[in-house]
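Structure record follows, encoded as structure tokens.
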Amino acid sequence: MRDAGEQWPSDAELLRRHVAGDNEAFGELFRRHRDRLWAVALRTVCDPEEAADALQDAMVSAFRRAADFRGDSAVTTWLHRIVVNASLDRLRRRAARPAVPAEEQTFEALVAQDGDPAHATDTRLDVDAALRILPPQQRAALVVVDMLGFSVADAAVILDISTGTVKSRCARARAKLLPHVAHLRGNRSAGESVSPAQGGDP
Amino acid sequence: MRGQMTHPDTDVLADLRAGLVTRRRAAMITAHLADCARCAALADELAGVSALLAAVPAPAMPDRMAQRLDTVLAAEVAHRNESERARGVSPRERATRPRRTGNGGFRWISPRVLAPAGAVVVLVAAGGYFLSSHGSSPQMEGASSGAAPATAAQPANGDTSAPKAAAGTVGGTSPRSQRMSPAEFTFVVSPVDFAAGSLTQQLEADLRVPRTTHAATATVKACVQRVAGSAAVLRVESAHYQGQPVTVVVTRASQGDLVQLAGPGCSATGSHVLATRTVPAGILGP
């Protein structure tokens with residue numbers, strides 16, 4: 001398998017090959033972005049099983065609807081849009097039926113895997129927990145803009161809303177989140193970087 | 001004085017940061033922040049929220065999730081090739097892989113030249129000569145349609161090495177699992193009513209249980225053919241999922257076995273798959 005960072009063939013080229021009948025192209029494209037797509041699904045849906053289903057739905061949908069991609073946006077934007085739609089769709093369906101208990105434990109077990117430094121995992125779990133208090137639409141906007149770093153303009157495409165709505169949803173979400181994450185910022189300003197691996201830039 | 005304004009709440013400060021307040025109001029709030037340490041600290045904390053979120057590492061996709069997606073993707077690819085075949089479109093005709101266009105060393109026989117019924121001649125790229133075989137044997141199915149270049153010339157006796165060589169060299173077609181006719185699958189009836197929340201665990205337990213084989217109805221056979229596509233069918237169960245009757249179709253995939261739960265609407269024309277899971281290969285009873 002190719003390295004995720006490799007730029008050639010480009011995303012658009014892979015998508016074109018897929019539409020032309022290449023059996024491997026879509027897999028390569030999807031593998032290239034799957035960690036970010038997984039993150040957006042997991043954080044929007046807040047439940048690993050549902051997120052898994054949402055991501056799978058999105059992948060199948062993107063596979064089948066690739067010919068509809070017109071190139072108005074980047075391929076990644078298009079992929080994220082499909083994943084966010086599938087995630088919000090899952091949440092709507094879940095809202096329509098009673099909650100299934102015992103999700104909490106699975107969630108934490110699943111997100112706490114891999115080799116993160118413990119404090120980074122703790123921060124992530126706290127942030128993930130805080131995100132749950134947000135209404136899904138606000139959460140999706142915040143995840144796309146603040147966590148994945150998309151521009152407001154791209155986020156508007158991904159979320160299919162105006163840039164003004166992106167801004168106001170993000171603003172509402174940040175204000176609501178503040179009391180729940182203030183203690184995490186406290187740790188950080190005490191001299192400890194939240195993510196030594198990534199060194200996030202404000 | 002400018003201090004006359006009341007302390008802005010967090011929402012207002014968030015709007016300010018997002019550029020959602022008018023210039024005049026922004027000037028007022030900014031002036032207030034310069035005077036009011038409490039509000040300035042709040043604005044500072046708010047600014048930190050975005051920075052904090054940006055710094056949280058993204059969770060890597062768990063391996064079993066990656067495997068599941070690979071499996072589902074493989075099923076999608078197989079399904080696409082299958083339906084194109086059904087429409088008479090060869091995947092090779094649509095393919096535009098660079099390695100194909102770059103072949104200048106020998107002449108391509110157009111895939112549009114059709115073979116006479118019952119005979120298929122496979123072009124082997126490496127040597128630039130023909131190997132031919134009867135296309136009617138079941139093992140030939142994948143290769144003859146996957147490696148499309150075929151011509152009316154030279155129908156001859158089979159050479160069993162031809163399909164493999166052609167699939168590997170001409171088209172880069174991924175090897176297919178041997179196809180099982182729908183009549184051959186093991187069909188059992190399971191008393192389990194699967195639930196969405198515990199589906200994977202329930203399936204892993206249920207599929208280990210050996211059960212009496214029954215004869216599948218025509219509806220089940222049509223459904224299985226639709227759901228499985230060209231994948232090898234390992235077992236089919238009649239069971240329930242969230243209270244409604246489902247057909248559980250287990251097929252072999254590259255990593256693990258793919259389990260698809262098809263709803264009552266499953267037929268030859270629509271799969272009506274309600275849920276999909278991957279289970280470790282080999283958990284099925286003999």
Worksheet, complete the sentence: Greatest number of non-hydrogen atom pairs under 4.5 angstrom with chain B, of A:R36, A:M147, A:Q56, falls to A:Q56

Ion pair present between [X] and [Y], side-chain N to carboxylate O less than 4.0 angstrom?
X      : Y     : answer
A:R132 : A:D47 : no
A:R93  : A:D89 : yes
B:D70  : A:R31 : yes
A:E13  : A:R17 : yes

Worksheet item: Using non-hydrogen atoms only, which part of B:L20 is less than 4.5 Å away from chain A: side chain, backbone, both, or neither?
Response: side chain

Worksheet item: Considering only heavy atoms, which portion of B:A275 lies under 4.5 Å from any heavy atom of chain A: side chain, backbone, both, or neither?
Response: neither

Practice prompt. Taking all heavy atoms of B:T247 and all of B:C223, pick out the closest pair and write down the distance.
Written response: CB-SG, 4.2 Å

Practice prompt. Taking all heavy atoms of B:Y241 and all of B:A196, pick out the closest pair and write down the distance.
Written response: OH-CB, 3.4 Å

Worksheet item: Can you find a pair of side-chain heavy atoms, one from B:L33 and one from B:L16, that are under 4.5 Å apart?
Response: yes

Worksheet item: Among residues 159-175 of chain A, which ones touch chain B with a heavy-atom distance under 4.5 Å?
Response: A:G164, A:K167, A:S168, A:A171, A:R172, A:R174, A:A175

Fill in: Inter-chain contacts: residues 57-66 of chain A against chain B, heavy atoms under 4.5 Å
A:M59, A:V60, A:F63, A:R64

Discussion item. For A:T76, is there any backbone N or O sitting under 3.5 Å from a side-chain donor or acceptor partner on A:H80?
Written reply: yes

Discussion item. I'd like to know if the side chain of B:Q202 reaches the main chain of B:A195, judged simply by a donor and an acceptor atom lying under 3.5 Å from each other, with no hydrogens or angles considered.
Written reply: yes

Worksheet item: Quick one: CG on A:L131 to CG on A:D126, what's the gap to the nearest 0.5 Å?
Response: 11.0 Å

Discussion item. As an exercise, state the distance from CG of A:L37 to CE of B:M61, rounded to the nearest 0.5 Å.
Written reply: 7.0 Å

